[in-house]
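Input: a single structure, listed below in C-alpha coordinates.
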Amino acid sequence: MTTPTPAGRPGIVVLVSGSGTNLQALLDAPDLGCDVVAVGADRDGIEGLRRAERAGIPTFVCRVGDHPSRADWDLALAAELAGYRPAVVVSAGFMKILGPAVLGGHRVVNTHPALLPSFPGAHAVRDALAHGVRVTGCTCHWVDAGVDTGPIIDQRAVRVEEGDTEESLHERIKVLERDMLVDVVRALAAGWKAEPDAG
Ligand code: GAR
(Lines give C-alpha, C1' and ligand atoms only; values in the text may rest on other atoms or scores of the structure.)
Protein backbone atom coordinates (compact mmCIF):
# COMPACT_ATOMS: atom_id res chain seq x y z
CA MET A 1 0.00 0.00 0.00
CA THR A 2 2.12 2.89 1.21
CA THR A 3 5.90 3.01 1.32
CA PRO A 4 7.43 4.05 4.66
CA THR A 5 9.81 6.99 4.46
CA PRO A 6 13.50 6.54 5.45
CA ALA A 7 12.41 7.61 8.93
CA GLY A 8 9.98 4.67 8.96
CA ARG A 9 6.86 6.84 8.88
CA PRO A 10 4.07 6.85 6.31
CA GLY A 11 4.41 9.41 3.52
CA ILE A 12 1.92 12.05 2.38
CA VAL A 13 1.89 14.22 -0.74
CA VAL A 14 0.62 17.80 -0.45
CA LEU A 15 -0.94 19.61 -3.42
CA VAL A 16 -0.75 23.43 -3.53
CA SER A 17 -1.60 26.30 -5.86
CA GLY A 18 -0.46 29.37 -3.92
CA SER A 19 1.29 30.61 -0.84
CA GLY A 20 1.46 27.22 0.88
CA THR A 21 1.07 28.33 4.49
CA ASN A 22 -0.94 25.18 5.25
CA LEU A 23 1.88 23.13 3.75
CA GLN A 24 4.34 25.03 5.94
CA ALA A 25 2.29 24.21 9.03
CA LEU A 26 2.56 20.50 8.16
CA LEU A 27 6.30 20.83 7.55
CA ASP A 28 6.80 22.62 10.87
CA ALA A 29 4.50 20.43 12.98
CA PRO A 30 6.20 18.39 15.67
CA ASP A 31 5.16 14.75 16.00
CA LEU A 32 3.07 14.71 12.82
CA GLY A 33 3.54 10.94 12.62
CA CYS A 34 4.14 11.03 8.86
CA ASP A 35 6.44 12.79 6.39
CA VAL A 36 5.67 15.05 3.43
CA VAL A 37 7.41 13.05 0.68
CA ALA A 38 6.51 15.37 -2.22
CA VAL A 39 4.68 18.60 -3.01
CA GLY A 40 2.75 18.95 -6.26
CA ALA A 41 1.26 22.00 -7.92
CA ASP A 42 -0.84 22.91 -10.94
CA ARG A 43 1.36 25.94 -11.74
CA ASP A 44 4.96 27.17 -11.53
CA GLY A 45 6.45 30.04 -9.62
CA ILE A 46 4.42 29.83 -6.43
CA GLU A 47 5.59 30.23 -2.87
CA GLY A 48 4.17 26.81 -1.99
CA LEU A 49 6.74 25.14 -4.27
CA ARG A 50 9.52 27.34 -2.92
CA ARG A 51 8.62 26.30 0.64
CA ALA A 52 9.01 22.64 -0.37
CA GLU A 53 12.32 23.33 -2.13
CA ARG A 54 13.67 25.13 0.95
CA ALA A 55 12.71 22.07 3.02
CA GLY A 56 14.49 19.74 0.58
CA ILE A 57 11.26 18.02 -0.47
CA PRO A 58 10.80 16.83 -4.08
CA THR A 59 8.31 18.88 -6.11
CA PHE A 60 6.41 18.37 -9.33
CA VAL A 61 4.16 20.55 -11.47
CA CYS A 62 1.24 19.09 -13.42
CA ARG A 63 -0.47 21.80 -15.53
CA VAL A 64 -3.87 21.26 -17.09
CA GLY A 65 -2.70 23.22 -20.16
CA ASP A 66 0.12 20.76 -20.85
CA HIS A 67 -2.37 17.96 -21.53
CA PRO A 68 -4.78 17.47 -24.43
CA SER A 69 -7.77 17.14 -22.12
CA ARG A 70 -8.79 17.40 -18.49
CA ALA A 71 -9.02 13.60 -18.40
CA ASP A 72 -5.41 13.30 -19.57
CA TRP A 73 -4.34 15.77 -16.89
CA ASP A 74 -6.17 13.71 -14.29
CA LEU A 75 -4.36 10.54 -15.44
CA ALA A 76 -0.98 12.30 -15.43
CA LEU A 77 -1.54 13.67 -11.92
CA ALA A 78 -2.67 10.26 -10.68
CA ALA A 79 0.48 8.66 -12.12
CA GLU A 80 2.70 11.33 -10.58
CA LEU A 81 1.09 10.80 -7.18
CA ALA A 82 1.27 7.01 -7.44
CA GLY A 83 5.05 7.22 -7.78
CA TYR A 84 5.24 8.42 -4.18
CA ARG A 85 2.82 5.77 -2.81
CA PRO A 86 1.32 8.23 -0.29
CA ALA A 87 -0.88 7.10 2.59
CA VAL A 88 -3.03 10.14 1.77
CA VAL A 89 -2.87 13.11 -0.55
CA VAL A 90 -3.55 16.47 1.14
CA SER A 91 -5.11 19.17 -1.02
CA ALA A 92 -4.03 22.33 0.81
CA GLY A 93 -5.09 25.28 -1.28
CA PHE A 94 -5.01 23.28 -4.53
CA MET A 95 -7.39 25.21 -6.78
CA LYS A 96 -8.39 22.41 -9.16
CA ILE A 97 -11.19 19.85 -9.01
CA LEU A 98 -9.61 16.40 -8.82
CA GLY A 99 -10.74 13.79 -11.33
CA PRO A 100 -11.66 10.10 -11.17
CA ALA A 101 -8.16 8.77 -11.80
CA VAL A 102 -6.72 10.63 -8.81
CA LEU A 103 -9.70 9.90 -6.58
CA GLY A 104 -9.81 6.24 -7.65
CA GLY A 105 -6.18 5.72 -6.72
CA HIS A 106 -5.79 7.83 -3.60
CA ARG A 107 -7.51 8.92 -0.42
CA VAL A 108 -7.55 12.71 -0.55
CA VAL A 109 -8.11 15.18 2.30
CA ASN A 110 -9.01 18.79 1.43
CA THR A 111 -9.02 21.92 3.51
CA HIS A 112 -11.61 24.57 2.67
CA PRO A 113 -12.07 28.12 4.03
CA ALA A 114 -15.74 27.90 5.02
CA LEU A 115 -18.06 25.83 7.19
CA LEU A 116 -19.21 23.28 4.63
CA PRO A 117 -21.76 22.52 3.34
CA SER A 118 -22.08 26.33 3.20
CA PHE A 119 -20.01 28.14 0.60
CA PRO A 120 -18.29 25.43 -1.44
CA GLY A 121 -16.16 26.38 -4.43
CA ALA A 122 -13.27 28.67 -5.24
CA HIS A 123 -14.55 31.90 -3.60
CA ALA A 124 -15.74 30.64 -0.22
CA VAL A 125 -14.61 33.60 1.87
CA ARG A 126 -16.01 36.17 -0.57
CA ASP A 127 -19.29 34.25 -0.80
CA ALA A 128 -19.65 34.00 3.00
CA LEU A 129 -19.03 37.75 3.41
CA ALA A 130 -21.48 38.58 0.63
CA HIS A 131 -24.13 36.44 2.29
CA GLY A 132 -23.69 38.35 5.54
CA VAL A 133 -22.93 35.42 7.84
CA ARG A 134 -21.68 36.35 11.32
CA VAL A 135 -19.78 33.10 11.82
CA THR A 136 -17.76 31.22 9.21
CA GLY A 137 -14.63 29.09 9.46
CA CYS A 138 -12.86 26.19 7.84
CA THR A 139 -13.48 22.53 7.12
CA CYS A 140 -11.28 19.49 6.58
CA HIS A 141 -13.02 16.79 4.57
CA TRP A 142 -12.45 13.70 2.48
CA VAL A 143 -12.64 14.50 -1.22
CA ASP A 144 -15.31 12.80 -3.30
CA ALA A 145 -16.46 13.45 -6.87
CA GLY A 146 -18.43 16.57 -5.91
CA VAL A 147 -17.21 20.10 -5.24
CA ASP A 148 -16.39 20.22 -1.50
CA THR A 149 -19.08 17.64 -0.73
CA GLY A 150 -17.14 14.77 0.87
CA PRO A 151 -17.44 13.55 4.47
CA ILE A 152 -16.42 16.17 7.02
CA ILE A 153 -13.47 15.32 9.30
CA ASP A 154 -13.16 18.54 11.35
CA GLN A 155 -14.25 22.17 11.42
CA ARG A 156 -13.22 25.38 13.23
CA ALA A 157 -15.40 28.49 13.60
CA VAL A 158 -14.36 32.13 13.10
CA ARG A 159 -16.48 35.22 13.86
CA VAL A 160 -16.91 37.78 11.10
CA GLU A 161 -15.90 41.22 12.47
CA GLU A 162 -17.27 44.64 11.47
CA GLY A 163 -15.23 45.96 8.56
CA ASP A 164 -13.80 42.57 7.58
CA THR A 165 -12.59 42.33 4.00
CA GLU A 166 -12.14 39.07 2.10
CA GLU A 167 -8.42 39.31 2.85
CA SER A 168 -8.69 40.08 6.59
CA LEU A 169 -11.29 37.37 7.16
CA HIS A 170 -9.35 34.80 5.14
CA GLU A 171 -6.18 35.51 7.11
CA ARG A 172 -8.02 34.90 10.43
CA ILE A 173 -9.57 31.72 9.03
CA LYS A 174 -6.17 30.48 7.90
CA VAL A 175 -4.73 30.79 11.43
CA LEU A 176 -7.27 28.22 12.65
CA GLU A 177 -7.17 26.26 9.41
CA ARG A 178 -3.47 25.50 9.76
CA ASP A 179 -3.97 24.11 13.30
CA MET A 180 -6.98 22.11 12.13
CA LEU A 181 -5.07 20.54 9.22
CA VAL A 182 -2.13 19.59 11.42
CA ASP A 183 -4.49 18.04 14.01
CA VAL A 184 -6.34 16.08 11.31
CA VAL A 185 -3.19 14.73 9.63
CA ARG A 186 -1.67 13.86 13.00
CA ALA A 187 -4.81 11.97 14.02
CA LEU A 188 -4.95 10.12 10.69
CA ALA A 189 -1.27 9.17 10.93
CA ALA A 190 -1.81 7.81 14.43
CA GLY A 191 -4.42 5.50 12.92
CA TRP A 192 -2.08 4.33 10.16
CA LYS A 193 0.47 3.26 12.74
CA ALA A 194 -2.17 1.06 14.30
CA GLU A 195 -2.88 -0.68 10.95
CA PRO A 196 -0.38 -3.51 10.44
CA ASP A 197 -0.61 -3.38 6.65
CA ALA A 198 -0.70 0.41 6.30
CA GLY A 199 2.98 1.09 6.47
C1 GAR B 1 -6.64 28.02 2.21
O2 GAR B 1 -7.43 28.91 2.95
C3 GAR B 1 -7.50 26.93 1.62
O4 GAR B 1 -8.58 26.54 2.42
C5 GAR B 1 -7.98 27.61 0.37
O6 GAR B 1 -6.85 28.27 -0.13
C7 GAR B 1 -6.07 28.69 0.97
C8 GAR B 1 -4.63 28.28 0.71
O9 GAR B 1 -3.77 28.93 1.59
N10 GAR B 1 -8.54 26.65 -0.55
C11 GAR B 1 -9.60 26.88 -1.28
O12 GAR B 1 -10.16 27.95 -1.31
C13 GAR B 1 -10.07 25.72 -2.12
N14 GAR B 1 -11.41 25.90 -2.54
P15 GAR B 1 -2.23 28.52 1.63
O16 GAR B 1 -1.75 28.41 0.18
O17 GAR B 1 -1.55 29.64 2.35
O18 GAR B 1 -2.11 27.21 2.35
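The first residue of the sequence shown is numbered 1, and numbering continues consecutively from there. For ligands, and for the atoms within them, numbers begin at 1 and follow the listed sequence.
- Pro113 CD, 3.4 Å is the protein heavy atom nearest to atom 12 (O) of ligand 1.
- Ligand 1 lies nowhere less than 4.0 angstrom from a heavy atom belonging to Ala124.
- Residues Asp44 and Leu49 come closest through the heavy atom pair CA-CD1, 4.3 Å.
- At under 3.5 Å, a nitrogen or oxygen of Gly20, whether backbone or side chain, sits near a nitrogen or oxygen of ligand 1.
- No hydrogens or angles considered: a donor-acceptor pair under 3.5 Å links the side chains of Thr111 and Glu177.
- In the hydrophobic clustering of this structure, Leu75 does not group with Val64; members are Ile, Leu, Val, Met, Phe, Trp, Tyr whose side-chain heavy atoms approach within less than 4.5 Å, directly or through other members.
- Here the shortest heavy-atom pairing between Met180 and Asp154 reads SD-O, 3.6 Å.
- Among all protein heavy atoms, the one lying closest to atom 13 (C) of ligand 1 is Met95 SD, 3.5 Å.
- For atom 4 (O) of ligand 1, the nearest non-hydrogen atom of the protein is Glu177 OE2, 2.3 Å.
- Ligand-side atoms of ligand 1 in range of Ser19: 15 (P), 16 (O), 17 (O), range being under 4.0 angstrom from any heavy atom.
- Ligand 1 places these atoms under 4.0 Å from at least one heavy atom of His112: 4 (O), 14 (N).
- Remark: Arg9 CZ to Asp31 CG distance equals 9.0 Å, nearest 0.5 Å.
- Residue contact check: Asn22 has heavy atoms under 4.0 Å from atoms 1 (C), 9 (O), 15 (P), 18 (O) of ligand 1.
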Worked verdict on Glu162 versus Arg134 for salt bridge (Lys or Arg N to Asp or Glu O under 4.0 Å): CA-CA 9 Å; Glu162 268 330 298; Arg134 303 318 306 165; 3.5 Å; yes
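- Ranking the protein heavy atoms by distance from atom 7 (C) of ligand 1 puts His170 NE2, 3.9 Å first.
- The aromatic rings of Trp73 and Phe94 lie parallel to each other, their planes meeting at an angle below 30°, with 60° marking the opposite boundary.
- Side-chain contact between Asp74 and Pro100 is present, with heavy atoms from C-beta onward closer than 4.5 Å.
- Taking each of Gly93, Gly18, Gly121 in turn, the one with a heavy atom nearest to atom 10 (N) of ligand 1 proves to be Gly93.
- Ligand 1 lies less than 4.0 angstrom from a heavy atom belonging to Thr111.
- For ligand 1 and Lys174, the ligand atoms under 4.0 Å from any heavy atom of the residue are 2 (O), 9 (O), 15 (P), 17 (O).
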